[in-house]
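Below is one structure; the comments refer to it alone.
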Amino acid sequence: VRIDDVDPHDEATLAQWFAVVEAAELHERPGEPDSFLEEQRALLLDGLPGPDGAPVGDELRQALLLRDDDGRAVAAARFELPVRDNEHSVWFRLSVHPDARRRGHGSALLAEILRRTEHAGRRTLVVDCEEPAHLAGRAPARAFADRHGFALELEEVRRDLDLPVPPARLKALEAACRPHAQGYVVRTWRDRCPDDLVDDRAVLGRQMSTDAPSGGLDWREEEWDAARVRHREALTAQQDRSYLGAAAVHAESGRMVAFTEVGVQRAEPRRVHQWETLVLPEHRGHRLGTLVKIALVRDLVRKVPEARLVSTCNATTNAPMIAVNEALGFRVNGAYLSWQRVL
Ligand SMILES: CC(C)(COP(=O)(O)OP(=O)(O)OC[C@H]1O[C@@H](n2cnc3c(N)ncnc32)[C@H](O)[C@@H]1OP(=O)(O)O)[C@@H](O)C(=O)NCCC(=O)NCCS
């Protein structure tokens, strides 16, 4: 077999790499495309090293393509090395074409990833994947990860919310929350966090990296500033995505103290992905998590009428977030699993 780096400028090879990713994804989750060529290309371009060796973005990203002895592209990986923080770790994803499994290709690509991890002087590897409901407890990644010495360190449950949510449900929920949230104002935006909130958004991004339950994963505090927020927004646009945000602002101090965001792939706007949601510790207990989500769902229905579903993943231990989601009407639909191996 041969393993090559994929240059995201090389259309033909990138298309072969993406075809493997897509075929693997659709095999596990028929009818639910999740990765898109433009989206992956933009990510890989963003992760290229600049003249000084560091990427412009937050991670160095490499795409690897494995060809079998007949020259067929059969396995693909994306390998990421955070450079702003978490420089002890790498993250990767592996996809083996459904017609070429159980022939050792996944293991061969993983061996190359392990080599590169050691070469980069990093020790912690993380790999994750969705386990759709029809494969509950038996996604191939489980046996593969186990065989290669990875430990399942974070179990999340996926929940979906059907859109549009009946307006009466949102109204009743909002009425129940409002009395607890005196002194807070809710604001929404699309694609660009307002200038007067962007520094606070960075503070919340840092807090998110430590407060969202991460199980046994060795994920450490992230470095965030306004430039990182803007960079991520620019990358989102390059990935052919739109995103919507909603925040609670503490009226007295003028500070943004809670937020929630969702991402929409323009080519496939029916399934919306819930991104992050956080309330600063000193402002918890005011139902702000629910109120920002209500505002966002209403905005989403108005601005992206094609949207049919919002998907979210929560750690099984994250009782407060799960309670908010269940109140909104989210229903369980599969799982999301993260494994870790420390070299
Ligand atoms: C998980 C995946 C990458 C494995 O790729 P692969 O090329 O089939 O894996 P390998 O042939 O190298 O398998 C190595 C070992 O893992 C275990 N394994 C892999 N797939 C398995 C399965 N479906 N059932 C049971 N054990 C499995 C076996 O122990 C296997 O050794 P064996 O074939 O000698 O018994 C592939 O199934 C895939 O692309 N799945 C969808 C994407 C995904 O889940 N990626 C995350 C990877 S952790």
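Nothing fancy with the numbering, it's 1 onward along the sequence. When a ligand or atom number is given, it counts from 1 through the structure's own listing order.
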Arg93, Glu25, Arg102, Glu131: member with heavy atom nearest to atom 25 (C) of ligand 1: Arg102

What I want to check is whether the side chains of Arg41 and Gln238 have a donor and an acceptor closer together than 3.5 Å. no

Is it true that the side chains of Gln62 and Arg116 contain a donor and an acceptor less than 3.5 Å apart? yes

Using a heavy-atom cut-off of under 4.0 Å, does the side chain or the backbone of Val96 touch ligand 1, or both, or neither? both

Just say parallel, tilted or perpendicular for the rings of Tyr184 and His286, cut-offs at 30° and 60°. tilted

Using a 4.0 Å heavy-atom threshold (strictly under), name the region of Glu28 that reaches ligand 1: side chain, backbone, both or neither. side chain

What do we get for Ala145 next to ligand 1 when only non-hydrogen atoms under 4.0 Å count, side chain, backbone, both or neither? neither

Should one rank Leu337, Asp128, Asp146, Leu94 by closest heavy-atom distance to atom 42 (C) of ligand 1, which comes out on top? Leu94

Using a 4.0 Å cut-off to any heavy atom of Ser107, which atoms of ligand 1 qualify? 10 (P), 12 (O), 13 (O), 14 (C)

Distance to the ring centre below 6.0 angstrom and angle to the axis at most 45 degrees; does that hold for Arg190 and Tyr243? no

If we set the cut-off at 4.0 Å for heavy atoms, which region of Arg101 has an atom near ligand 1: side chain, backbone, both, or neither? both

Over-ring placement of Arg142 relative to Trp339, 6.0 Å and 45° cut-offs: no

Return yes if a side-chain donor-acceptor contact under 3.5 Å exists between Ser311 and Arg271, otherwise no. yes

Just to be sure I'm reading this right: ignoring hydrogens, which of Arg147, His148, Arg29, His27 gets closest to atom 31 (O) of ligand 1? Compare them by their nearest heavy atoms. Arg147

